[in-house]
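Nothing here was measured: the structure is a model prediction, and the numbers come from that model. Each chain gets a letter, A, B and so on, in the order its sequence line appears, and its residues count up from 1. The basis for the numbers below is simple: all heavy atoms, side chains too, and nothing from hydrogens, waters or symmetry mates.
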Amino acid sequence: MTEDRYDPHAIEPKWRRRWEAMDLFHADLQGAERPCYALVMFAYPSGDRLHVGHWYHYGPADSWARFRRMRGWDVFEPWGFDAFGLPAENYAVKTGIHPRDSTEANVANMIEQLKAMGAMWDWGRTLNTSEPEYYRWTQWLFLQLHEAGLAYRKAAPVWWCPVDQTVLANEQVLEGNVCERCGATVERRDLTQWFFRITEYADELLEGLDDLEWPDRTKALQRNWIGRSEGVEIDWKVEDPGERTIRTFTTRPDTIYGVTFLALAPEHELVEEIVREEHREEVAAYRARARRRSEIERTAVETEKSGVFTGAYARHPLTGEAIPIWVADFVLATYGTGAIQGVPGHDERDREFATALELPIETVIEPREATPEEGAYTGHGTVVDSGPYTGMDSEEMIPEVIAELAHAGQGHKTVNYRLRDWLVSRQRYWGAPIPIVHCDACGEVAVPEEELPVELPYDVDFSLGAGKSPLERSEAFLRTACPECGEPARRDPDTMDTFVDSSWYYFRYLDPHDEEKPWDPELVAKWLPVHMYSGGIEHATLHLLYSRFVTKAMRDLGHVGIDEPFARLVHQGTITKEGARMSKSKGNVISPDEYVAEYGADAFRAYLMFGFSYEEGGDWKDEGIRAVAGWLQRVWRLVDRHGHLFEEAEVDPGAATREYEGEAMRELQLVRHRSVKGATEDLEQWSFNTAIARVMELVNALYQVAPIDDPFPDDVDRDLFRECLDATIRMMGPIAPHLADELWERIGREASVVDAAWPEFDPQILRTEEVTVVIQVNGKVREEMEVERGLSEEELGARAREHGRIPELLDGKPVRKTIVVPDRLVNLVV
RNA sequence: GCCGGGGUGGCGGAACUGGUAGACGCGCCGGGCUCAAAAUCCGGUGGCCGCGAGGCCGUGUGGGUUCGACUCCCACCCCCGGCACCA
């Protein structure tokens with residue numbers, strides 16, 4: 001018999017052509033009975049070749065989708081492009097090639113490469129956020145939010161990237177002051193910008209996390225970012241002049257008797273009003289200095305505390321004591337109320353401030369047990385020197401003091417968030433124009449829905465302007481008539497953050513070319529929330545947060561009926577080279593192209609699945625892909641050698657569950673069911689490495705019973721062996737899709753494995769009659785015995801005592817206790 | 001400092017709700033095939049002691065709970081990620 005060699009380079013293009021010709025991956029969304037929306041985060045269309053990260057993310061995700069399809073789900077696996085954004089525009093600034101042209105070329109380039117992966121993407125539903133048919137609805141979304149008061153324009157201190165020449169959202173600022181895009185140090189600027197009122201949903205965004213099948217760490221990141229803290233706002237009456245009050249926020253009202261000063265942020269609006277004449281100059285100087293200092297500098301933990309006295313005092317709401325009011329730059333204008341009550345006895349920062357400026361320090365809480373340590377005691381304990389509360393437990397005091405303050409009209413419970421509203425306007429060209437017109441007479445006017453899209457003009461000087469949108473230079477674009485009064489007016493020159501584009505694309509995939517509406521609510525009801533979403537964890541507090549907000553807002557506006565966009569989420573790990581992140585500058589880049597050229601796309605995908613724990617990632621090893629490619633050949637040879645069995649007879653599915661006489665056949669049958677069970681459960685939960693290991697076990701077992709170089713043994717049951725081979729090929733479907741289809745064809749089947757059923761396993765068969773029971777003496781394994789399943793505890797204990805060398809080991813010592821785990825283990829304690 | 005995630009053979013990685021630690025693979029060792037090599041097939045492979053049967057040790061460290069702990073509890077150490085003068 002001549003052996004056909006496994007040649008991925010012949011097989012793979014052949015099958016991709018066939019799949020395309022069969023339109024195998026077109027999803028019938030209306031007709032689907034068991035929808036499964038398998039979504040990968042769409043990508044920015046780059047002009048480069050795909051890197052390992054792309055393959056590592058998309059390959060296994062597609063394998064999961066294939067697995068689901070074989071299990072009877074109607075899988076929808078779309079692909080699209082997050083095509084607006086800075087790289088294309090920066091490239092244009094450098095080369096003069098228009099972003100629309102480079103994007104178009106990159107999209108084509110990328111599609112061609114993506115197709116080589118052999119994934120099930122439904123290419124008929126591709127979308128591109130930079131096309132008018134898409135961004136028209138991004139603008140519609142903006143208008144919906146605007147009308148509901150969820151999109152608004154205001155002047156605020158915002159982050160400005162001097163390199164990218166645009167403002168950024170808080171979420172796009174890393175490590176306090178680094179631009180997420182370019183790595184430049186960002187600055188604070190006071191500018192009038194567009195915001196989405198995401199803070200309105202802070203609580204719901206927090207609570208909704210509980211019900212999501214998301215990784216804990218991702219939920220933790222969002223919780224951290226939202227930063228909810230419960231506390232009390234307290235109003236302090238300022239003594240003379242007038243009726244002014246200063247509102248402070250604290251999470252520890254139980255320390256209120258320890259307040260020895262108040263401190264206002266330098267930007268606080270009341271500073272000007274309360275400052276006494278003799279301190280005015282000094283305070284003004286301090287505020288000017290604070291303004292010049294960067295936020296980073298001001299808020300760095302190491303920075304020594306500084307402040308200046310205003311000369312004014314506030315009256316303590318409970319003791320009536322006069323409390324000095326200071327201005328201090330460690331107090332943040334943007335958090336809480338911009339004013340704090342200083343409790344140097346029980347807060348580290350307040351203590352540093354009090355020490356530096358020689359203010360009194362009072363102790364009002366003592367630790368319950370331990371002796372007081374150095375510095376401020378910040379825990380709870382027994383209340384001291386606190387009027388009527390003295391002697392109480394500080395935690396019990398909190399509700400009582402809140403009640404007293406509320407009763408006096410000087411305090412109330414409140415909640416603070418770290419989350420800020422989402423800044424969505426950008427001073428860049430390559431994005432969706434904000435659909436707003438500014439009219440001298442009517443003010444800020446929304447572009448009527450029927451006039452959408454506000455098209456991004458092609459012919460624009462998009463070189464970077466001095467802090468202004470390139471569209472500001474396009475008179476043709478700007479000049480328009482006010483939709484309300486008809487008088488000449490000007491369009492808003494800014495474009496939207498690309499995260500607005502990506503915050504709703506999963507709705508649009510359902511019908512990306514619908515000209516009537518952004519999405520079909522019925523299809524949304526049927527297909528969403530997305531069943532399975534995969535992508536990088538770097539989007540935890542960006543895309544994933546924004547999308548949740550947009551979904552909730554659209555729900556409240558009656559456009560969708562779901563609370564959350566993504567029911568299940570997984571993140572792929574990172575593939576490194578020699579322990580380091582791959583990067584062009586380091587020159588340690590693994591090029592998929594080279595490996596695909598040598599081993600094929602199947603081997604490349606299969607190695608990425610087998611060599612790593614998906615969510616962890618790990619270090620690339622050439623030996624790894626060689627080994628996996630070798631294993632694919634092993635599977636190939638197995639089918640090649642035994643394919644004649646399929647010419648002899650059809651596969652009998654009953655062969656899997658039939659009763660077999662010989663030990664060897666029973667064992668093969670066991671391995672077959674164990675393998676299918678393991679692969680099924682592991683694939684479902686994205687444990688690709690162990691799933692492949694299970695299939696390897698079955699392949700090994702088949703090699704065992706029918707050595708590949710010998711004639712097919714007489715004592716091997718042909719029905720069973722054939723069924724096992726059949727199951728193996730099916731399980732190869734998600735692991736090596738091209739190879740599986742080739743083998744499928746070679747055993748005489750039509751079409752594709754993705755439309756074949758995933759093999760079943762029978763738990764009854766895995767419940768063997770005989771079980772191996774481990775015998776321990778004092779917790780140490782000493783013997784094993786084969787017994788029939790289902791023996792009573794007494795029986796097992798008795799048999800264990802007599803088994804093998806156990807009597808010898810017991811040596812006549814009385815067994816004090818016998819622990820029996822039925823069918824598994826006996827532990828004899830002497 | 002707070003919040004997550006992690007630490008298991010030479011390596012990548014397994015281990016369900018506490019029940020035979022190291023599945024599967026790489027590497028290595030041995031064997032078959034070959035004039036030879038590659039490829040491939042078969043066997044072995046946590047460490048230490050022992051000719052052997054077998055014994056002892058072993059999942060970051062130190063304690064604890066338990067008949068029994070990679071798994072649970074307490075106290076630490078180290079690595080990765082997020083947040084952070086957030087009151």
Side-chain angles (χ1 to χ4, degrees), chain A residues 3 174-176 215-229 231-232 248-252 255 263 298-305 328-332 334-343 346-350 352-353 378 416-418 537-538 540-541 574 607 610-613 615-616 618-628 630-631 633-634 637 674 678 681-682 687 689-697 699-700 703-704 707-710 772-784 805 815-821 824-830:
Chain A
E3 186 182 304
L174 310 177
E175 291 154 30
D216 285 340
R217 54 186 177 142
T218 315
K219 293 185 184 186
L221 290 179
Q222 289 208 352
R223 286 198 187 98
N224 250 336
W225 187 260
I226 295 168
R228 179 190 155 103
S229 69
V232 189
T248 60
F249 172 75
T250 180
T251 55
R252 292 295 301 275
T255 63
R298 268 177 62 182
T299 58
V301 187
E302 316 82 63
T303 307
E304 211 176 303
K305 299 278 178 295
D329 67 3
F330 78 92
V331 181
L332 305 175
T334 49
Y335 184 79
T337 59
I340 60 141
Q341 41 187 335
V343 186
H346 304 289
D347 182 280
E348 294 290 353
R349 298 152 299 176
D350 296 353
E352 283 173 36
F353 184 77
T378 56
N416 255 300
Y417 302 92
R418 218 188 62 90
I537 193 168
E538 66 274 15
T541 56
T574 311
Y607 166 54
F610 182 65
F612 313 87
S613 167
E615 302 227 21
E616 295 289 311
D619 213 48
W620 174 275
K621 290 272 175 4
D622 281 3
E623 307 88 74
I625 188 168
R626 230 176 286 137
V628 170
W631 180 69
Q633 288 210 36
R634 186 170 158 92
R637 266 194 307 276
R674 206 185 296 135
E681 291 169 358
D682 291 349
S687 183
N689 51 350
T690 53
I692 293 177
R694 295 300 152 246
V695 180
M696 285 174 168
E697 285 176 61
V699 171
N700 290 347
Y703 267 82
Q704 280 306 315
I708 202 150
D709 294 328
D710 302 344
T772 306
V773 169
V774 171
I775 306 169
Q776 299 182 330
V777 176
N778 288 341
K780 292 196 179 206
V781 179
R782 296 301 179 194
E783 275 287 357
E784 289 178 7
R805 53 195 185 90
V815 175
R816 274 200 299 124
K817 202 168 169 187
T818 305
I819 287 102
V820 178
V821 181
R824 296 203 68 167
L825 169 146
V826 176
N827 188 7
L828 303 168
V829 187
V830 298

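Under 4.0 angstrom from either OP1 or OP2 of rC3(B) there lies no side-chain N or O belonging to Arg223(A). The phosphate of rA87(B) has neither OP1 nor OP2 within less than 4.0 Å of any side-chain N or O from Thr248(A). Taking side-chain N and O atoms only, Arg349(A) has a distance below 4.0 Å to OP1 or OP2 of rC86(B). For rA14(B), the OP1/OP2 oxygens have no side-chain nitrogen or oxygen of Ser687(A) closer than 4.0 Å. An OP1 or OP2 oxygen of rG12(B) is reached within less than 4.0 angstrom by no side-chain nitrogen or oxygen of Lys621(A). Regarding contacts with the backbone of rC57(B), a side-chain N or O of Lys780(A) is found under 4.0 angstrom from either OP1 or OP2.
Comparing atom distances between the Val829(A) side chain and each of rG4(B), rG82(B), rC67(B) picks out rC67(B) as nearest. Side-chain proximity of Leu332(A) to rC67(B), rA14(B), rC85(B): nearest is rC85(B). Listed candidates were rG13(B), rC24(B), rU20(B). Nearest to the side chain of Ser613(A) is rG13(B). You'll find that the side chain of Val821(A) is closest to rG19(B), out of rG19(B), rG55(B), rA23(B).
In this structure Thr541(A) satisfies the side chain to side chain contact (heavy atoms under 4.5 Å, CB included) test together with Leu221(A), Trp225(A), sequence neighbours excluded.
Cation-pi geometry between Lys305(A) and Phe353(A) is not met: the NZ or CZ atom fails to fall both under 6.0 Å from the ring centre and inside 45° of the normal. A cation-pi arrangement, defined by a distance under 6.0 Å to the six-membered ring centre and an angle within 45 degrees of its axis, is present between Arg634(A) and Tyr703(A).
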Which protein N or O atoms sit under 3.5 Å from an N or O of nucleotides 34-45 of chain B?
residue	atom	partner	partner atom	Å
rU40(B)	O3'	Arg637(A)	NH2	3.1
rC41(B)	OP1	Arg634(A)	NH1	2.9
rC41(B)	OP1	Arg637(A)	NH2	3.4
rG43(B)	OP1	Gln704(A)	NE2	3.3

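Using a 4.0 Å heavy-atom criterion, one finds that Asn224(A) contacts the bases of the nucleic acid, with or without backbone contacts as well. Looking at heavy-atom distances under 4.0 Å, Arg805(A) makes contact with sugar-phosphate atoms alone, never a base. Residue contacts for Gly624(A): at a heavy-atom cut-off of 4.0 Å it reaches no nucleic acid atom on any strand shown.
Contact of Asn827(A) with rC67(B) (side chain to base): a donor-acceptor pair of N or O atoms is detected under 3.5 Å.
One C1' atom belongs to rC49(B), the other to rG58(B), and the distance between them is 15 Å to the nearest Å. One P atom belongs to rU65(B), the other to rA14(B), and the distance between them is 32 Å to the nearest Å.
Using a 90° window around 0 for the glycosidic torsion, rG9(B) falls inside it and is classed as syn.
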RNA chain B base-pair string [pairs: Watson-Crick or G-U under 3.5 Å; |: paired with another strand]: (((((((..(((......[....)))((((((.......))))))((((....))))..(((((..]....))))))))))))....
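At least one donor-acceptor pair closer than 3.5 Å links the side chain of Asn778(A) to the backbone N or O of Val830(A).
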What do the steps show when you test Arg694(A) against Glu697(A) for salt bridge (charged side-chain N to carboxylate O under 4.0 Å, His left out), and what is the final call? CA-CA 5 Å; Arg694(A) 295 300 152 246; Glu697(A) 285 176 61; 2.2 Å; yes
